[in-house]
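What follows is one structure encoded as structure tokens, with my remarks underneath.
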2 protein chains.
Amino acid sequence: MTDSVPESTRQTLDRLYENPETRLTSLFELAPADEQVDGQLTMFKALANEHRIRILEALRDGELCACELQVVLDAPQSTVASHLRELKDAGLVKTRRQGKWTYYRIGDTAVLQLLDIADALTGDTV
Amino acid sequence: MTDSVPESTRQTLDRLYENPETRLTSLFELAPADEQVDGQLTMFKALANEHRIRILEALRDGELCACELQVVLDAPQSTVASHLRELKDAGLVKTRRQGKWTYYRIGDTAVLQLLDIADALTGDTV
DNA sequence: GCGTCAAACCGAACATCACCGATTTATTCA
DNA sequence: TGAATAAATCGGTGATGTTCGGTTTGACGC
């Protein structure tokens with residue numbers, strides 16, 4: 001299990017600790033499961049874009065159709081559509097089709113918590 | 001204030017609503033302040049990388065020096081260093097220098113909330 | 001069927017990010 | 001002072017993300 005550690009790193013640990021093998025094992029225990037990180041990464045990637053953040057903020061008060069979101073973002077139709085696709089793929093928004101229009105809404109309100117916490121983290125100048 | 005809207009979009013709104021000007025104004029009110037979005041974007045960008053997520057998860061239980069994080073990530077020194085730089089720039093981690101070693105710790109525990117919520121959002125298969 | 005329109009998809013140019021070897025900067029200790 | 005070492009920085013290359021005109025799809029009314 002500790003075989004993949006580069007030799008240089010192992011040497012470093014040898015210098016740092018009396019019992020490097022034990023320390024190595026406890027460091028490996030700090031690594032979360034791959035599935036967990038994958039899921040978190042999917043979320044944060046989906047949120048790491050200004051247009052997509054603005055879309056989600058606009059949907060706080062309720063659903064909007066794609067054409068209305070074009071107004072909010074002030075961006076070309078194809079650009080808005082591709083961002084909506086990404087948000088939908090990530091499960092952050094859900095859609096409802098009504099005639100020619102597609103209405104978008106927040107998929108899970110926990111996303112709004114993410115937006116709020118991220119805002120609070122940068123907002124206060126402590 | 002509504003001057004920057006493309007003509008095609010304005011035409012769409014004309015078809016959709018009886019009172020397009022009023023609707024235009026209310027749509028603009030859905031747009032959050034630039035500073036808010038900038039801050040949120042900084043956060044999510046910093047979190048949108050597998051290595052950086054793993055670093056933060058590893059720091060849950062307390063501080064670690066850069067060389068220990070190299071073990072956790074199993075990545076080259078320069079790679080780890082650049083990710084630590086980004087996390088520090090975003091304010092997500094703080095540093096403490098002791099001799100040759102630089103110890104990293106979580107800057108604000110609210111970050112852990114972000115990680116937890118993101119995990120929960122993808123974890124449950126409702 | 002046919003024209004119209006909202007939305008989705010495609011593809012190519014462009015921008016940004018990630019990786020990592022090599023080098024430099026600090027710090028310790030002899 | 002000089003050797004050793006942890007960490008930061010630099011620079012070039014490849015990977016990934018974004019943009020947006022053009023096209024296609026699907027729904028509506030005539």
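Letters A, B, ... mirror the listed sequences (proteins, then strands); counts begin at 1. All values reported here derive from a predicted model rather than from experimental measurement.
For A/Gln77 against C/dA8, a side-chain-to-base donor-acceptor contact under 3.5 Å is present.
Contact annotation: A/Tyr104 reaches the phosphate of C/dA8 (side-chain N/O to OP1 or OP2, under 4.0 Å). Under 4.0 angstrom from either OP1 or OP2 of D/dT18 there lies at least one side-chain N or O belonging to A/Arg52. Under 4.0 angstrom from either OP1 or OP2 of C/dA8 there lies no side-chain N or O belonging to A/Arg85. Residue B/His83 places none of its side-chain N or O atoms closer than 4.0 Å to OP1 or OP2 of C/dC17. OP1 or OP2 of C/dC17 has not a single side-chain nitrogen or oxygen of B/Asn49 nearer than 4.0 Å.
Distance from the side chain of A/Thr79 is smallest for D/dC20 among the nucleotides C/dC19, D/dA7, D/dC20. Between C/dA6, D/dT9, C/dA7, one nucleotide has an atom nearer to the side chain of A/Lys100 than all others, and that is C/dA6. Among D/dA6, C/dC9, D/dA27, the nucleotide with an atom closest to any side-chain atom of A/Ser78 is C/dC9. With D/dG17, D/dA7, C/dG21 as the choices, the nucleotide that has an atom nearest any side-chain atom of B/Trp101 turns out to be D/dA7. Listed candidates were C/dA8, D/dG21, D/dT18. Nearest to the side chain of A/Thr102 is C/dA8.
With respect to the salt-bridge test (charged N to carboxylate O, under 4.0 angstrom), the residues A/Glu57 and A/Arg60 qualify.
Map A/Pro76 and A/Arg97 each onto its nearest nucleotide of DNA chain D; the residue landing nearer the 5' end is A/Pro76.
When heavy atoms are screened at a 4.0 angstrom cut-off, A/Glu86 is found touching the sugar-phosphate backbone but no base atom. At a threshold of 4.0 angstrom between heavy atoms, the contacts of B/Ala81 include nucleobase atoms, whether or not backbone atoms are also involved.
At least one donor-acceptor pair closer than 3.5 Å links the side chain of A/Arg52 to the backbone N or O of A/Ala46.
Between the two ends of the helix from C/dG1-D/dC30 to C/dA30-D/dT1, each summarised by a five-pair axis, the helix axis turns through 30° (rounded to 10 degrees).
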